[in-house]
Each structure stands twice: as structure tokens, then as C-alpha cells.
Amino acid sequence: QVQLAESGGGLVQAGGSLRLSCAASGRTFSSNAMGWFRQAPGKEREFVATINWSGGSTRYANSVKGRFTISRDNAKNTVYLQMNSLKPEDTAVYYCAAGQRPNAYSDVREYNYWGKGTQVTVSS
């Protein structure tokens, strides 16, 4: 059974940092793009960051560019999201997703495996 398990969420003050991890099990995703998405209450799920199969190409939402960094360790079947300079508007449930193809895309339809999410709350 394929599972993606996020961890590392929590409560942090504005300006602080968190590092999210997503560990995959049940199959390897070393040939697939991986992504992070988030969903705030009353809003649609939105793209945050994506990384291609090798880690050589990344893409970010404009709202997080320069503050968040996505990375991956294929040997550990794990993807990370380092979040710095957090803002209250970053508050959301963050989801990890595995893409259907090697290249990184921001479209949610490109992802067919999803974790259950981890809550990130940024206080002002």
C-alpha cells in the first residue's frame, strides 16, 4: 500500500521557521516529481512547491518564493519543505503529493498520490 506521511507541522510565531518532511512507503518515487500543496480553511488547495525526479529542477508559488525551499533525498524516499520567514497567511494544512511524471508541474491534476496533511499555524 502506497503511503505518503507528512510530519513537522506545528505552531510558530511570524518570522519563524519549520521544516516539513514527507516519507513515502509502499513504492519508490525516485522517478517521479514530488510536490507540496496547502489548503487554508474555506479556500481551495493551492500549489506551494514542486521538485523534479532528480532534484535538479524546482518551482515555487510566487507567495513563497525566496522563503521556502523544497528538496528531496531519493535514497530515503523523502521530500522536504524548509519554510523560513513564515507569515500568518502561510497558515494551512500542508499536503505532500507524488507526481505521475518525472518533471515538476504546479497543476494539482499531475499528482496521483497524496498524504493526509500536516497543520501549520503561524501566529502574528
Side-chain angles (χ1 to χ4, degrees):
Q1 182 181 1
V2 177
Q3 287 188 330
L4 299 178
E6 303 95 337
S7 61
L11 174 63
V12 64
Q13 288 188 335
S17 298
L18 284 174
R19 189 194 194 204
L20 305 184
S21 298
C22 172
S25 60
R27 59 160 284 186
T28 179
F29 288 103
S30 58
S31 299
N32 301 76
M34 299 291 292
W36 287 96
F37 294 77
R38 67 187 182 186
Q39 188 167 16
K43 295 187 177 182
E44 293 187 353
R45 192 168 298 188
E46 65 174 3
F47 165 73
V48 175
T50 182
I51 187 167
N52 77 331
W53 67 278
S54 68
S57 177
T58 58
R59 299 172 70 176
Y60 297 92
N62 287 335
S63 58
V64 307
K65 201 172 295 184
R67 300 187 298 121
F68 290 11
T69 302
I70 188 172
S71 61
R72 67 188 298 163
D73 185 338
N74 285 342
K76 296 182 178 180
N77 220 18
T78 299
V79 63
Y80 306 96
L81 186 67
Q82 177 67 44
M83 305 186 295
N84 299 329
S85 302
L86 283 161
K87 305 175 181 179
E89 51 263 43
D90 294 319
T91 295
V93 177
Y94 283 70
Y95 297 91
C96 169
Q100 301 181 57
R101 295 187 278 177
N103 294 328
Y105 294 91
S106 60
D107 190 338
V108 67
R109 294 169 295 181
E110 290 287 338
Y111 296 82
N112 55 350
Y113 290 104
W114 292 83
K116 294 182 179 181
T118 185
Q119 176 70 46
V120 171
T121 303
V122 185
S123 63
S124 56

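FYI, side chains are in, hydrogens and waters are out, and symmetry mates aren't considered; it's all heavy atoms of this structure. From a predicted model like this one, the values you see are computed outputs, not experimental measurements.
The distance from atom OG of Ser54 to atom CG of Asn74, rounded to the nearest 0.5 Å, is 8.0 Å. From Asp73, atom CG reaches atom OG of Ser30 across 11.0 Å, with rounding to the nearest 0.5 Å. The line from CG of Leu11 to OG1 of Thr121 is 6.0 Å long, rounded to the nearest 0.5 Å. Here OG of Ser124 is found 14.0 Å from NZ of Lys87. Values are rounded to the nearest 0.5 Å.
With Asn52 contributing its side chain and Gly55 its backbone, the two residues share a donor-acceptor pair below 3.5 Å. Although no hydrogens or angles enter the test, the distance criterion places a donor-acceptor pair under 3.5 Å between the side chain of Thr78 and the main chain of Lys76. Proximity of a side-chain donor or acceptor of Glu6 to a complementary backbone N or O of Cys22 within less than 3.5 Å is not detected.
Closest approach of Ser85 and Ser17 over heavy atoms only: N-OG, 4.3 Å. Pairing each heavy atom of Ala92 with each of Ala40, the nearest pair is CB-N, 3.8 Å. Here the closest non-hydrogen pair linking Ala33 and Tyr111 is O-CE2, 4.4 Å. Taking both residues in full, the closest heavy atoms of Cys96 and Met34 are given as SG-CE, 3.9 Å, listed atom of the first, atom of the second, then distance. Considering every non-hydrogen atom in both Leu18 and Leu86, the closest pair reads N-CD1, 3.9 Å.
Put simply, the side chain of Glu89 does not reach to within 4.5 Å of the side chain of Val122, judged on heavy atoms.
Grouping the Ile, Leu, Val, Met, Phe, Trp and Tyr side chains by contacts below 4.5 angstrom, directly or via other members, places Leu81 with Phe29. Tyr80 and Val93 are not part of a single hydrophobic cluster, where members link through side-chain heavy atoms under 4.5 Å apart. Hydrophobic clustering, with ILVMFWY side chains joined whenever heavy atoms are under 4.5 angstrom apart, keeps Val108 apart from Ile51. Val120 is connected to Ile70 through a chain of hydrophobic side-chain contacts under 4.5 Å among Ile, Leu, Val, Met, Phe, Trp and Tyr, so both are in one cluster. Under a hydrophobic clustering in which Ile, Leu, Val, Met, Phe, Trp and Tyr are joined whenever their side-chain heavy atoms come within less than 4.5 Å, directly or via other members, Tyr95 and Leu4 fall into different clusters.
In this pair, Tyr94 and Phe68 present their aromatic rings tilted. The plane angle is within the 30 to 60° band.
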Query raised in the report: Should Asp107 and Phe47 be marked as a side chain to side chain contact (heavy atoms under 4.5 Å, CB included) after you check the CA-CA gap, both sets of side-chain angles, and the distance that decides it?
Result: CA-CA 7 Å; Asp107 190 338; Phe47 165 73; over 6 Å; no
Requested in this report: Kindly determine whether Met83 and Trp36 satisfy side chain to side chain contact (heavy atoms under 4.5 Å, CB included), including the steps that lead there.
Outcome: CA-CA 12 Å; Met83 305 186 295; Trp36 287 96; over 6 Å; no
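Looking at Arg27, Gln100, Glu110 one by one, the single match for side-chain hydrogen bond (donor to acceptor under 3.5 Å, both in side chains) with Asn32 turns out to be Arg27.
With respect to Glu46 and Arg38, a salt bridge is recorded, a charged nitrogen being found less than 4.0 Å from a carboxylate O.
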